[in-house]
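Heads up: the structure comes next, in structure tokens.
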Amino acid sequence: MGFLVTTLIFIVIGIIASLCTRICCNRGPSTNLFYLTLIITATVCCWMMWAIVYLAQMKPLIVPILNDGE
């Protein structure tokens with residue numbers, strides 16, 4: 001449930017940022033496309049970083065092995 005909700009939050013933030021950029025920085029078709037590409041890339045990269053950290057905590061790859069003396 002947490003993964004889906006946070007993914008939807010990232011989508012909403014990306015859409016809001018895209019709309020704000022479209023309204024505030026309306027300079028031409030190529031500039032708008034460049035800004036939109038930057039916002040989509042930043043949103044996807046932030047989501048991927050969050051998703052990797054979130055999923056890595058569910059099943060860690062390294063399990064500590066304790067010796068009998070410790």
Worksheet item: Between Tyr54 and Val44, is there a shared hydrophobic cluster once you connect ILVMFWY residues whose side-chain heavy atoms come closer than 4.5 Å?
Response: yes
Next on the checklist: Would you say Met58 ends up clustered with Trp50 if hydrophobic residues are merged whenever their side chains have heavy atoms under 4.5 Å apart, either directly or through other cluster members?
Outcome noted: yes
key: Heavy-atom check, side chain of Trp47 versus side chain of Thr6, under 4.5 Å   = no
With the 4.5 Å side-chain cut-off for hydrophobic clustering, are Leu19 and Ile11 part of the same group?
yes
OG (Ser18) and CD1 (Ile13) are apart, to the nearest 0.5 Å, by 11.5 Å
key: Shared hydrophobic cluster, Met48 / Leu55 (ILVMFWY, side-chain heavy atoms < 4.5 Å)   = yes
Rounded to the nearest 0.5 Å, the CG atom of Leu4 sits from the CD1 atom of Ile9 at a distance of 10.0 Å
Minimal heavy-atom distance between Asn32 and Arg22, with the atoms involved, is ND2-NH1, 3.2 Å
When rounded to the nearest 0.5 Å, the distance separating CD1 of Ile16 from OG1 of Thr21 is 11.5 Å
If two hydrophobic side chains count as joined below 4.5 Å and joins carry through other members, does Phe34 share a cluster with Ile39? no
